[in-house]
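Everything on this sheet refers to the single structure shown next.
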Amino acid sequence: MDYLDKLEAHSIYIFREAYREFKHLAMLWSIGKDSTVLLYLARKAFFGHVPFPLIHIDTSFKIPEMIEYRNKLARELKLKLIVGQNKEALKTKQTFPDDNVDRITCCKLLKTEALKNTLSGQFPRYRLDHELGVFVEDQDKETYTGVIVGVRADEEGSRSKERYFSPRDKNSDWDIGDQPPELWNQFKTEFALKTHVRIHPLLDWTELNIWEYIDRENIPVVSLYFDNDNGKRYRSLGCYPCTLPIDSTAKNVKDIIKELKSGKLKNIAERSGRAQDKDGGGTLEELRREGYM
Amino acid sequence: MKERMNIVVVGHVDHGKSTLIGRLLADTNSLPVGKLEQIKKTCELNAKPFEYAFLLDALVDEQTQGITIDTARIFFKTKKREYIIIDAPGHIEFLKNMISGAARAEAAILLIDAHEGIAENTKRHAYMLSLLGINQIIVAVNKMDLVDFSESRFNQIKNDYSKYLNEININPVEYVPISAFHGLNLIEHSNKMSWYKGKTILELIDSFEKEKEEEENDFRMFVQGVYKFTENGDNRRIIAGTINSGTINVGDEIIFLPSQKKSIVKSIEIFGKEAPLFAIAEQAIGLTLTTQIYVKPGDLICRIDQQLPYATNRFVANIFWMGKNNLSIHKKYKLKIGTNKAGVSIEAIKSVMNASTLKKENYREEVHRNEVAQIIFRTDKPISFDLFSKIKSTGRFVIVDEYDIAGGGIIIEALEEKEELVTPDYSGFERELYELIKKYFPHWEIKPIY
Ligand SMILES: Nc1nc2c(ncn2[C@@H]2O[C@H](COP(=O)(O)OP(=O)(O)OP(=O)(O)O)[C@@H](O)[C@H]2O)c(=O)[nH]1
Ligand code: SF4
Ligand SMILES: [Mg+2]
C-alpha cells in the first residue's frame, strides 16, 4: 500500500467508527475540494451509499456555481442534503457585505451561529426533497451528536492540534487546552448530554494529498478551481466578498499538482484568499474555539 | 513507491523539541516564504526574543507561556519520503497529550538539554515509548552551545542515559550532539563538533526503517459494522472492517470469535474497484459470506487454517494511566480493544511504578495519574485478543472512565477464564504476606489467594 492507500484506509476507518457510534450523525459539506474528497471517501466506506445527511451552511454569499454544483450532485447521488442558514441576520442585514458588521462578526453570525443552531435543531433545516425536486422544511429536529468535518492539520495552527474525534461542549465551545487522550485507533465516542463530537477524517491529509487523490480516483470537482483562460483560479472556495482567486494558469488537476510541487505557491498560504482569517491575530483560533469549522 | 512516516519528538520541558522542528523546517526551506520574517517581526513588536518554537506553538496560550500544550502535526518532506513530525509537549501536566502524539508514531527523536542534563521526563517519555512499542529512537543531546560543545559532557550524558535505557530494553539507533537553535548537526555537520563522526539529524530521520506491515502474521480483522443498505436495489450484506494483520482470500474458511461461528468468504468488496481475490493488512474492506450467520461489531475474524487468538475474560497487562480520577480496584470501567467493548474490573494491581525513577510499589489499591502499572483485568464477558508481542493492534486496548479514554495498555499474558471470584477482598497486608510465604516457604504449598 502506498501513502494514499493508507490515508484512504485510515479515513474510512474513522467514517465507520463514527457511523457505528453516533446515532445522530451528519457531515458538513462545503462543496470545496476537501468536502468533495470527504464525500467520495464516505461512499467508499459504505460501498456506494452515504448513510447520513450532508449539511450545507449557506451564508447566501457563496459563489453561484458552488450552489449549482451542490444541487446537481445531490440529485445525481440522491444525497440527503440539508441546508441551514441564519435567516435573521440576513433579514436584518447584519453582514459584512452589507457593510454593517466586521468580518469576524459576520462569520460568527452566518457560519458559527448558523451551524450551531442547525446542528441543535433550533433553526429550521431545509431538506432537498428528491420527489418534489425542491427544498422543504425538515421535520426532524433532533440534535446531531456527531458531525463529520473535512478540516486538515496542515491548514493552520489550531487545526494542527486537533484530535480525530474532538469534543465540543454545550455551547459548541472547544476546550483546546484540555483535549481528551486519543490512542491508536481508539477515539472519543462517549459523550455527555448536550455535547457533541466533531469528527475529522482528513486530518492527516495535505493539500497536495487531496489533489493527488482527486487525480488518482478521477473525482469531479467544481471548475472554479481551474483557470478559465484569464490566468486566475480559486485555491480555496468560500464567500465571494471574501475569497479572491490566485494568479495561476493551472487548467486541470495535473497542472495543480505540478504547481503545488513546484513550490510556486509557497509564498502564498492556502487560505490567503480568505480575508476573514486575517483580521487581527489569532482570530481563527478564537473562531474555532467557539465552534467555527 | 512513495511512503510516509510519522515521527514524534519527545523529551523534558524546555529541552528544545519545538525549536528543533522549527529550525529543521526553516533550514530545509519548508516554510511558506515570509513566515519566518513575519514571526520575527511580531516578536520584535512585542519585545520578545525570537523563538523557532513559535512556528509550531500556534495557540495563543502556548505563545504567551512559551510552552507546548498540545501535540502538533507538522508536514515535512525529504527526498526520501513524506513525514508527519509530531511535536509533543514536555511538561508533566500534558503527558496525556504527549502519549496521544506518540501513539501515532513509528519512530522517535528524544531530546536532552546538555546543560540541564537528564531530567524527570527524559526518562518517563522513554518509558512511554517502550510501552507503546516504539523502538526506533534517536537521542539528540541539544543546546551543545551552552556546554562549549564539550565532547566529555556529551559522553557523560550518553553513558548515564544508556544505563537507564538498558534497564527498559531500549537500544537507540544513535546519540547525536546538536544545537537546535543554531542549527548545528541538523542538516550539515558542524565544525564546532568535529569530534562527532556520526550522522546528522536529517540523515538519521531518513535512515529510520518503515515498520514491517503485519502481512506475514496470522489473519485478524475486527468486525467494524455489518451493513445492508437496501437503496437502489443493493442486497449485499457486507461485513466491514480494516484488516489488522495477515491476508484473506476468497474461499477462505473463517471463524468469528468469541462466538465461534464459521463461514466461507464469498467475495471481498471494495467500492469503485473490481472485487479482488485477496486483501492484506491495513486495507479497509468488506466481506460477503456464503452463509448468512449473525455476527456483530466487535467480533474478531480469523482464519481456521491459522493459529487462533486467545478468548478469555482474564489477562495481565502493562498500562499507563492518564485519568483525572485514579484507577481503582473498586470501580468498573469500559474496555475497548479494536472495535470490541466490554465492561471491565480489576482483579489485582500487581505493581505500580513511577516511570521516571522506576521505583515500584506493590499491592496498591489505586493507580494515580501518569503512573504505569501491571494489572490483572477481568472483563464481564470473554473477549478475543493476542499478546502485544505477537500482533500489536489486537494486543492493545484502552480503558474508558466515564466519557474519556483514561488509560491504555498492552497485553502481556492471557489467563484462564474464571467467573467472578466470591472470595473476600484481600487487604494489602494479606497479599504481601501471601507473596512472602510463597517466596520463602514454598514447601508450605500455600493456596493461591488471587
Ligand atoms: N542556547 C540554546 N537554546 C536553545 C536551543 N534549543 C532550544 N533552545 C531554547 O530553549 C527554550 C525552550 O525551547 P522549546 O523548543 O520551546 O522547548 P520544548 O522542548 O519544545 O518545550 P515544551 O514543548 O514546552 O516541552 C527556548 O527558549 C529555546 O530558544 C539550543 O540549541 N541552544
Ligand atoms: S466569509 Fe465574508 S461574507 Fe462569508 S460569512 Fe465571513 S465575513 Fe461574511
Ligand atoms: Mg515545545
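Just so we're on the same page: letters track the sequence lines, and every chain starts at 1.
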> Does any heavy atom of chain B fall under 4.5 Å from the side chain of A:Arg16, the backbone, both, or neither of them?
Replying inline: both

>> Is A:Tyr13 in contact with chain B via its backbone, its side chain, both, or neither, using a 4.5 Å heavy-atom distance?
In response: both

> Between B:Arg4 and chain A, which part of the residue has a heavy atom less than 4.5 Å away: side chain, backbone, both or neither?
Replying inline: both

>> If only side-chain N and O atoms count, and only distance matters, is there a donor-acceptor pair under 3.5 Å linking B:Asn97 with A:Gln179?
In response: no

> Between A:Glu190 and B:Lys334, does at least one N-O distance fall below 4.0 Å, as a salt bridge requires?
Replying inline: yes

> What is the minimum heavy-atom distance between B:Ala58 and A:Gly157, and which atoms define it?
Replying inline: CB-CA, 3.3 Å

> Who among B:Met5, B:Arg81, B:Lys273, B:Arg396 has the most heavy-atom pairs with chain A under 4.5 Å?
Replying inline: B:Arg396

> For B:Ile84, is it the side chain, the backbone, both, or neither that has a heavy atom closer than 4.5 Å to a heavy atom of chain A?
Replying inline: side chain

> If you count heavy-atom pairs under 4.5 Å between each of A:Ala9, A:Pro51, A:Pro181 and chain B, which one has the most?
Replying inline: A:Pro181

> Which bit of B:Ile337 is near chain A, if near means a heavy-atom gap under 4.5 Å: side chain, backbone, both or neither?
Replying inline: backbone

> Checking heavy atoms, do the side chain of B:Ile238, its backbone, both or neither come under 4.5 Å from chain A?
Replying inline: side chain

>> Take a 6.0 Å sphere around NZ of B:Lys48 and say whether it holds more than 12 heavy atoms from other residues, nucleotides or ligands.
In response: yes

> Which pair of heavy atoms, one from A:Phe187 and one from B:Lys336, lies closest together, and at what distance?
Replying inline: O-NZ, 3.1 Å

> In Å, rounded to the nearest 0.5 Å, how long is the span from CD1 of A:Ile12 to CD1 of B:Ile285?
Replying inline: 11.0 Å

>> Using heavy-atom distances under 4.5 Å, tell me whether A:Leu208 contacts chain B through its side chain, its backbone, both, or neither.
In response: side chain

> Hey, which of A:Ile176, A:Leu4, A:Asn185 has the most heavy atom pairs under 4.5 Å with chain B?
Replying inline: A:Ile176

> Is the A:Tyr19-B:Tyr227 ring centre distance short of 6.0 angstrom?
Replying inline: yes

> Given a strict heavy-atom distance threshold of 4.5 Å, which part of B:Glu93 is in contact with chain A: side chain, backbone, both, or neither?
Replying inline: neither

>> Just so I understand: if I count every heavy-atom pair under 4.5 Å between each of B:Asp61, B:Asn6, B:Ile99, B:Thr339 and chain A, which residue has the most?
In response: B:Thr339

> NZ of B:Lys296 to CZ of A:Arg20: how many Å apart, nearest 0.5 Å?
Replying inline: 12.5 Å

> Heavy-atom distance under 4.5 Å to chain A: side chain of B:Lys35, backbone, both or neither?
Replying inline: neither

> Hey, which of B:Gly101, B:Gly272, B:Gly225, B:Ala240 has the most heavy atom pairs under 4.5 Å with chain A?
Replying inline: B:Ala240

>> I'd like to know which of B:Thr71, B:Asp57, B:Thr42, B:Ile280 tops the heavy-atom pair count under 4.5 Å against chain A.
In response: B:Thr71

> Taking the side chain from B:Arg104 and the backbone from A:Trp184, do they hold a donor-acceptor pair closer than 3.5 Å?
Replying inline: no

> Which is it for A:Lys161 and B:Glu62 under the salt bridge (charged side-chain N to carboxylate O under 4.0 Å, His left out) test, yes or no, and what are the steps along the way?
Replying inline: CA-CA 12 Å; A:Lys161 310 232 163 198; B:Glu62 291 179 324; 2.8 Å; yes

> Roughly how far, to the nearest 0.5 Å, is CZ of B:Phe320 from CG of A:Leu183?
Replying inline: 5.0 Å

> At what distance, to the nearest 0.5 angstrom, does CG of B:Leu56 lie from OG of A:Ser160?
Replying inline: 7.5 Å

> Is the count of non-hydrogen atoms from other residues, nucleotides or ligands lying under 6.0 Å from B:Lys332 atom NZ greater than 12?
Replying inline: yes

> So what's closer than 4.5 Å to chain A heavy atoms on B:Ala406: side chain, backbone, both or neither?
Replying inline: neither

> When rounded to the nearest 0.5 angstrom, what distance separates CD1 in B:Ile69 from CG in A:Asp178?
Replying inline: 10.0 Å

>> At a 4.5 Å cut-off on heavy atoms, which part of B:Ile86 comes close to chain A: side chain, backbone, both, or neither?
In response: neither

> To the nearest 0.5 Å, how far apart are CZ in B:Arg73 and CG in A:Asp204?
Replying inline: 5.0 Å

> Short question: side chain of A:Lys188, backbone of B:Tyr403 - any donor-acceptor pair under 3.5 Å?
Replying inline: yes

>> Quick check on A:Asn218 against chain B: is it the side chain, the backbone, both or neither that has a heavy atom closer than 4.5 Å?
In response: neither

>> Closer than 4.0 angstrom, basic N to acidic O: yes or no for A:Glu182 and B:Lys96?
In response: no

>> Report which part of B:Arg236 has an atom under 4.5 Å of a heavy atom belonging to chain A: side chain, backbone, both, or neither.
In response: side chain

>> Does B:Arg237 qualify as a cation-pi partner of A:Phe47, given the criterion of NZ or CZ under 6.0 Å from the six-membered ring centre and within 45 degrees of its axis?
In response: no

>> Using a 4.5 angstrom heavy-atom cutoff, name the option from B:Gly286, B:Ala102, B:Ala103 with the most pairs to chain A.
In response: B:Ala103

> Based on non-hydrogen pairs under 4.5 Å, which of A:His49, A:Lys78, A:Glu217, A:Lys44 is most in contact with chain B?
Replying inline: A:His49

> Would A:Thr206 and B:Lys77 count as a side chain to side chain contact (heavy atoms under 4.5 Å, CB included) if you check the C-alpha gap in whole Å, the side-chain angles of each, and the deciding distance to 0.1 Å?
Replying inline: CA-CA 12 Å; A:Thr206 62; B:Lys77 239 189 292 192; over 6 Å; no

> Non-hydrogen atoms of chain B under 4.5 Å away: do they reach the side chain of A:Glu162, the backbone, both or neither?
Replying inline: backbone

> Is it the backbone or the side chain of A:Thr195 that comes under 4.5 Å from a heavy atom of chain B, or both, or neither?
Replying inline: neither

